[in-house]
Amino acid sequence: MRMAPPLRKLALTAHVVCSVGWLGAVVVFLGLSIVGMTSQAPDTVRGAYIAMESIGLLVLVPFSIASLVTGLVQSLGTQWGLARHYWVLAKLVINVVASVIVLMYTQTLAALAEMASARADVSALQSPSPVLHAAAGLVLLLAAVALSVLKPRGMTRRGWRRQQEQRRAAHAGPAQRAG
Amino acid sequence: VTHAGHDGPEAPPRMPRWAKVGAMLALIAIVVLVVLLVAGGGQHGPGRHGSGAGERQQQSGADRVPSRGGHGQARSDHP
């Protein structure tokens, strides 16, 4: 089903807002995780881990799901399709993998925030895990942005077959009318 | 007309080089992660942190807190 141009523009805007919001939230999360890992002030470390849990639950998870849903709408409602072009497929894989990791990692963040609230020793909290996860997420999302902007060429077999069918149908149409 | 990624108008296209490189990098990343997980004794996820926190709560009043690996250690900054 193809969306009408106004709806398509609205869906594209929503997808860009959600994806850019997710990217920005990951950058903020990365900054907090670096503060949490390197700060010498116990209260700053504990505050950083408590804030990271809130950002994870209230910002990262909603934005990741919204980015995935709006991306699906955008691809299925336009000529790009979901599995016709490698760059769309690659973005879908990146989005699904990153969303699953974000969802799973909220459990770790909850455990760290619980420890921080319980005023555990900061050395127990200062783990490189949030920094590594945020850095990996940032690399994935930057790759997705690059794919969106560059739209590198390359059609999948499925996309090629669909294109051939459409071409045959386009050629058959005028011939039938002429006959 | 033959161009990059295509064998011809009637042949299905080949996977472009950037997609092959991306798939290869993803495969390498997965293998490295699996090796790191196996080398680390499968220690990954919330259990690594959570078990320590639970341990501390059960010890209410005990002068021990979880360390980075989830094992208890003597607390030095207790008021």
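Sequence lines set the chain letters: A, B, ... in the order given, protein chains first and strands last, and positions in each chain run from 1.
- Smallest separation of non-hydrogen atoms from A/R153 and B/W18: O-NE1, 3.0 Å.
- Other residues, nucleotides and ligands contribute over 12 non-hydrogen atoms within 6.0 Å of the NZ atom of A/K151.
- Residue contact with chain B, scored on non-hydrogen atoms closer than 4.5 Å, is absent for A/T106.
- For chain B, no part of A/L132 is nearby; none of its heavy atoms comes within less than 4.5 Å.
- Using a 4.5 Å cut-off between side-chain heavy atoms of Ile, Leu, Val, Met, Phe, Trp and Tyr, with links allowed through other members, A/L140 and A/V16 fall into different hydrophobic clusters.
- Within the model, atoms CZ of A/R157 and CZ of B/R14 stand 11.0 Å from one another, a figure rounded to the nearest 0.5 Å.
- Transitive grouping of hydrophobic side chains (ILVMFWY, heavy atoms separated by less than 4.5 Å) brings A/V28 and A/M52 into a common cluster.
- In the hydrophobic clustering of this structure, A/L103 groups with A/L23; members are Ile, Leu, Val, Met, Phe, Trp, Tyr whose side-chain heavy atoms approach within less than 4.5 Å, directly or through other members.
- Both B/V32 and B/M24 are members of a single hydrophobic cluster when ILVMFWY side chains are connected at heavy-atom separations under 4.5 Å.
- Of all heavy-atom pairs between B/P16 and A/G154, the closest is CG-CA, 3.8 Å.
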